[in-house]
Structures are given as C-alpha cells and as structure tokens.
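Here's the structure we're looking at; comments come further down.
Every value quoted in this text rests on a predicted model; they were computed, and no experiment measured them.
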Amino acid sequence: MEDAQVWIDKGIAFAADYGPKIIGAILIYIIGSWVIKKLVGLLRKGMLAKEYDESLQKFLLNLVSWALKIFLIIMVISKLGVETTSFAAIIAAAGLAIGLALQGSLSNFAGGVLLILFKPYKIGDLIEAQGVLGVVKEIEIFTTKLVSPDNKLLIVPNGAMANGNITNYTAEGKIRVDTVIGVAYEEDIKKVKEVLMEVLTSNPQVLKDPAPSVNVLELADSSVNFAVRPFAKPEHYWDVYFATYEGCKIALDNAGIEIPYPHEVEVVKTVK
C-alpha cells in the first residue's frame with residue numbers, strides 16, 4: 001500500500017508540475033493553427049486583390065505557411081519547458097545534417113526560387129523541358145507539376161527545371177503547326193498550293209497574323225512534299241494539327257489531285 005501511495009503521490013506531483021504546461025501547449029497549438037490558417041487566408045486575399053501572378057501566390061503561401069508552422073512548433077516545445085536555446089542548437093545541428101543529406105532537395109528549393117523570380121513559365125503555359133511536354137498545373141517549392149497532352153500528371157524537380165533548357169510554346173501567344181503533305185510529281189504545283197491554302201484560310205482556328213504558308217519542302221523519291229504551316233493559339237495546337245491533315249486529304253481528293261502511296265505490282269510467271 002505504501003508503494004502504491006508513493007506512485008500516486010508522484011503522479012499527482014507530475015500532473016501538478018506538467019499538467020498546466022501540457023494543457024497550455026495544446027491550447028497554443030490549437031489557437032496557433034487557427035491563427036496561421038487565418039493569416040494565410042488573409043495573405044491569399046491580399047495577393048488576389050493585388051493580382052499577383054498565380055505561380056507566385058502558391059509559392060509564397062506555401063513558404064509562409066511552413067515558416068509559421070515551424071515557429072508554432074518551437075513555441076509549443078518551449079511551453080513544455082524545453083530551453084529554446086538548447087532547442088535552437090539542436091535544430092541547427094539537425095539542420096546541418098539534414099542539409100547534407102538532402103542536397104538535392106535544397107537544390108530544388110533554390111530552383112523553385114529562381115523559377116519564381118525569373119518566370120520562364122507560369123501556370124497554364126505549354127512547355128517542354130527535361131524530356132516531357134505539358135501544361136503547367138502548379139509550381140511548388142520543390143517541384144513543378146505538368147499535365148501532358150494525354151492527361152498524365154508529370155512531376156519534375158525544380159532544380160532540373162532551373163538548370164535545363166525550357167521551351168515555352170505559350171509565351172509568344174501563338175505557335176506554328178508544322179505539317180507535311182505529299183502529292184504526285186504529275187500534279188500542278190500552283191494548283192496544289194491554292195487547294196492547300198484554301199484549307200488553312202477556311203479554318204477559323206488558324207490565325208491570320210502571322211499568315212499561314214504553303215511551300216515546296218522537298219522533292220522526295222515518289223512525291224513532291226509541301227510544308228503546310230498554319231499558326232494557331234497554343235491551346236488550339238492539336239485541333240489545328242489534326243484538322244489540317246484531314247482537311248488537306250479531303251480537299252486534294254475533291255480536286256482530283258493524287259496523293260502517292262506504295263503500289264504492289266503482281267508479277268505472273270508463265271511456264272513454257
């Protein structure tokens with residue numbers, strides 16, 4: 001009984017010493033989380049009112065949110081009685097170790113900062129980088145998310161994006177659609193150009209400026225190949241690409257112009 005009473009006394013003493021600290025830490029965490037949520041919400045509204053770039057908004061909101069959460073954790077630990085100076089030293093040592101272990105992640109963070117500062121692309125742009133093609137969905141602290149033409153989510157590290165070649169198809173607001181159409185050598189070049197140009201000018205998604213062009217590209221083995229090059233808005237690229245091929249085939253057939261294709265010749269041998 002005496003041993004049990006000793007443990008009870010120790011439990012009461014522990015609760016008296018640390019109970020208020022634990023309750024205070026819990027309250028600080030709950031209230032702090034609520035305050036952080038409100039602050040981030042206000043910051044988001046302020047950025048929307050100032051019409052900040054969407055990429056910059058998300059990047060800064062993520063950065064501010066994580067910084068405030070780390071500060072809140074330090075406050076909670078301090079409330080529990082841990083010396084903040086000692087804790088700061090532990091954080092510094094741990095930060096050094098983590099930094100050495102996560103050099104790639106730090107490179108990606110630095111890359112994210114560079115991408116936000118220099119803005120080689122923004123959300124909604126069609127870009128090609130690191131061997132992938134897609135529309136920018138989100139620029140995060142460490143990665144950039146793209147959506148490919150076949151609707152796949154592509155996640156590329158920001159370090160690689162910042163240090164590699166980037167082709168931005170949206171930046172100039174218009175993109176050339178390169179297609180090649182071949183006709184037989186016997187056909188009249190001038191007539192072919194007129195028929196193909198009519199296909200381009202009749203498509204409302206083909207831009208008038210820059211004007212589309214139709215030119216002889218090469219004299220191939222079995223055909224005269226024409227470079228058929230309309231310009232379109234980046235979001236209309238694939239529509240114009242497919243419509244050009246389909247329209248050219250229909251128009252050439254209607255005009256009686258031959259599109260060459262391989263012919264199989266059957267040779268019949270007779271036995272004498």
Counting only heavy atoms not in [X], do more than 12 fall under 6.0 Å of its [atom1]?
X      : atom1 : answer
Glu246 : CD    : no
Asp221 : CG    : no
Asn254 : CG    : yes

For side-chain contact (heavy atoms from CB on, under 4.5 Å), just list the numbers for Leu153 and Lys145, CA-CA rounded to whole Å, side-chain angles, deciding distance to a tenth of an Å, and then say yes or no.
CA-CA 7 Å; Leu153 179 63; Lys145 293 182 178 179; 4.0 Å; yes
If you round to the nearest 0.5 Å, how far is [atom2] of [Y] from [atom1] of [X]?
X      : Y      : atom1 : atom2 : answer
Lys191 : Glu194 : NZ    : CD    : 9.5 Å
Glu138 : Thr143 : CD    : OG1   : 8.0 Å
Leu200 : Leu207 : CG    : CG    : 11.5 Å
Phe231 : Arg176 : CZ    : CZ    : 5.5 Å
Thr144 : Ile155 : OG1   : CD1   : 10.5 Å
Asn158 : Phe142 : CG    : CZ    : 9.0 Å

Close side-chain approach of [X] and [Y], heavy atoms under 4.5 Å:
X      : Y      : value
Pro212 : Arg229 : no
Asn203 : Pro230 : no
Leu115 : Tyr121 : yes
Phe226 : Asn215 : no
Leu196 : Leu252 : yes

Transitive ILVMFWY side-chain link [X] to [Y], under 4.5 Å:
X      : Y      : result
Val136 : Val147 : no
Leu68  : Val35  : yes
Val199 : Ile181 : no
Ile259 : Ile189 : yes
Ile139 : Phe118 : yes

Would Leu133 and Tyr169 satisfy side-chain contact (heavy atoms from CB on, under 4.5 Å), going step by step from the backbone distance to the final call?
CA-CA 10 Å; Leu133 172 73; Tyr169 294 103; 3.5 Å; yes
Decide side-chain contact (heavy atoms from CB on, under 4.5 Å) for Val180 and Leu217; before the verdict, give the C-alpha distance in whole Å, the side-chain angles of both, and the deciding distance to 0.1 Å.
CA-CA 8 Å; Val180 178; Leu217 179 64; 3.8 Å; yes
Search all heavy atoms of [X] against all heavy atoms of [Y] and return the closest pair with its distance.
X      : Y      : result
Val216 : Leu219 : CG1-CD2, 4.4 Å
Ala232 : Val240 : CB-CG2, 3.6 Å
Glu187 : Gly256 : OE2-O, 4.2 Å

I'd like to know if Lys190 pairs up with Asp188 as an ion pair, taking the criterion as any Lys NZ or Arg NE/NH1/NH2 lying under 4.0 Å from an Asp or Glu carboxylate oxygen.
no
Checking the side chain of [X] only, and the main-chain atoms of [Y] only, is there a donor and an acceptor separated by less than 3.5 Å?
X      : Y      : answer
Ser223 : Ala220 : no
Thr179 : Val228 : yes
Asn168 : Pro120 : yes
Asp125 : Lys122 : yes
Gln130 : Val156 : no
Asn108 : Gly159 : yes

Do the rings of Tyr241 and Tyr237 sit parallel, tilted or perpendicular, given the 30° and 60° boundaries?
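Correct class here is parallel.
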Residues two or more places apart in sequence or in another chain: which of them pass ring pair (Phe, Tyr, Trp, His ring centres under 6.0 Å) with Tyr185?
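For Tyr185, no residue satisfies ring pair (Phe, Tyr, Trp, His ring centres under 6.0 Å) once neighbours in sequence are set aside.
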Between Leu146 and Ile127, is a side-chain contact (heavy atoms from CB on, under 4.5 Å) present by the stated rule, with each step listed?
CA-CA 9 Å; Leu146 310 175; Ile127 68 170; 3.9 Å; yes
